[in-house]
Amino acid sequence: MRIAGAAKLVVVIAIFLLTFYVISQVFEIKMDANLGHIFATKPPRYKCGISKACPEKHFAFKMASGAANVVGPKICVEDNVLMSGVKNNVGRGINVALVNGKTGEPLDTKFFDMWGGDVAPFIEFLKSIQDGTIVLMGTYDDGATKLNEEARKLIADLGSTSITNLGFRDNWVFCGGKGIKTKSPFEQHIKNNKDTNKYEGWPEVVEMEGCIPQKQD
């Protein structure tokens, strides 16, 4: 009888210890999870979603060309989306956003159809841009068919290198400025090539981000 009673006591103690161990483990896991949630830090978000903060006296920008003839381009400057499909202010051809080089404030947005449109209004627009203006451009569908030498020269004067080679349905993004003295470092260009195109008839989207120096007096 004493042996049976002792055995029962051992079983009861073992069950108690096992239950205590399980409860303590669960509680510890929950505590770790709660503490992890409390002390976890979110990665910093920079303007326009760029990968790092811009230095002082620079404007953050991020942009993307259109995707085939389905999704329009997007242009963001200083956390302000200037052009996008959501804003319904983009179109086939070359999309252009103008920004004040001193303040970073948006000045104008327009798109020019370089497939079925006329290049003359685009040329007049390019000529009207004031010195010190930041100029951002992105293609959608086709941005080259109607471009002539005059238009290409005016864009080259804004700092573009690739504009001379921009062809039918190429994808291209560019950020330059009126009065720039050197070629812009902000330019991406992918040729339309049936062997390498991501979409049928169009290359993949080109994206670009960076920090534009503020115009100084």
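Side chains are part of it too, since the values below use all heavy atoms of this structure and drop only hydrogens, waters and symmetry mates. Counting from 1, the numbers follow the sequence of the chain as shown.
A salt bridge links R45 and D79; the closest N-O separation between the charged side-chain nitrogens and carboxylate oxygens is under 4.0 Å. Ion pair D142/R169 not flagged as a salt bridge, since none of the NZ, NE, NH1 or NH2 atoms sits closer than 4.0 Å to an Asp/Glu carboxylate oxygen.
By the rule that hydrophobic residues join a cluster once side-chain heavy atoms approach within less than 4.5 Å of another member, F186 and V206 end up as members of one cluster. Hydrophobic clustering (ILVMFWY, side-chain heavy atoms < 4.5 Å, transitive): W202 and V90 are in distinct clusters. L136 and L107 end up in different hydrophobic clusters when Ile, Leu, Val, Met, Phe, Trp and Tyr side chains are linked at under 4.5 Å. Hydrophobic clustering keeps Y46 apart from M63 (ILVMFWY residues linked when any side-chain heavy atoms are closer than 4.5 Å, directly or through intermediates).
Partner L98 forms a side-chain contact (heavy atoms from CB on, under 4.5 Å) with one of T109, L82, T133 and no other, that one being T133. Partner of I94 under the side-chain contact (heavy atoms from CB on, under 4.5 Å) criterion, out of Y140, F111, F122: F122 alone.
Residue K153 holds its NZ atom at 13.0 Å from CG of N148, rounded to the nearest 0.5 Å. The line from CG of N171 to CD of E207 is 11.0 Å long, rounded to the nearest 0.5 Å. The line from CD of E209 to SG of C175 is 12.5 Å long, rounded to the nearest 0.5 Å. Separation of atoms CD (Q214) and OG1 (T103) is listed at 8.5 Å; rounding is to 0.5 Å. To the nearest 0.5 angstrom, M83 atom CE is 9.5 Å from K110 atom NZ. To the nearest 0.5 angstrom, L147 atom CG is 11.0 Å from T164 atom OG1.
Residues V77 and I134 have side chains not in contact (no heavy-atom distance under 4.5 Å, counting atoms from C-beta outward). Looking only at side-chain heavy atoms (C-beta outward), K74 and V81 come within less than 4.5 Å of each other. F174 places a side-chain heavy atom less than 4.5 Å from the side chain of L158. Put simply, the side chain of F61 does not reach to within 4.5 Å of the side chain of I75, judged on heavy atoms. No side-chain heavy atom of C54 sits less than 4.5 Å from a side-chain heavy atom of K47. Put simply, the side chain of T145 does not reach to within 4.5 Å of the side chain of M114, judged on heavy atoms. D170 places none of its side-chain heavy atoms less than 4.5 Å from the side chain of T139. Taking 4.5 Å as the limit, some side-chain heavy atom of W172 sits within range of a side-chain heavy atom of I163.
D113 pairs by the side chain to side chain contact (heavy atoms under 4.5 Å, CB included) definition with R92, W115, not counting sequence neighbours. Scored by the salt bridge (Lys or Arg N to Asp or Glu O under 4.0 Å) test, K127 finds E150 as partners (sequence neighbours excluded). Checked against ring-ring contact (aromatic ring centres under 6.0 Å, His included), F125 has the following partners two or more places apart in sequence or in another chain: F112.
Closest approach of D157 to I180, counting heavy atoms only: O-CG2, 3.6 Å. The shortest heavy-atom contact between L126 and M137 is CD2-CE, 3.6 Å. Residue K62 comes nearest to I50 through the heavy atom pair CB-CG2, 4.0 Å, listed as atom of the first residue, atom of the second, then distance. Shown here for G66 and V205, the closest heavy-atom pair between the two residues is O-CG2, 3.8 Å. Closest non-hydrogen pair, G138 versus V173, comes out as CA-CG1, 4.2 Å.
Put simply, the side chain of Q130 gets close to the backbone of S128: a donor and an acceptor are under 3.5 Å apart. Between the K57 side chain and the Q216 main chain, no donor and acceptor come within less than 3.5 Å of each other. For N89 (side chain) and S84 (main-chain N/O), a donor-acceptor pair under 3.5 Å exists by modelled atom type.
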Next item on the list: Starting from the C-alpha separation in whole Å, work towards a yes-or-no answer on side chain to side chain contact (heavy atoms under 4.5 Å, CB included) for T161 and H189.
Entry: CA-CA 10 Å; T161 302; H189 177 211; over 6 Å; no

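For K215, the NZ atom counts as densely surrounded, since its 6.0 Å shell holds more than 12 non-hydrogen atoms of other residues, nucleotides or ligands. Within 6.0 Å of the CD atom in E200, the count of heavy atoms belonging to other residues, nucleotides or ligands does not exceed 12. The environment of N88 atom CG is sparse: at most 12 non-hydrogen atoms of other residues, nucleotides or ligands sit within 6.0 angstrom.
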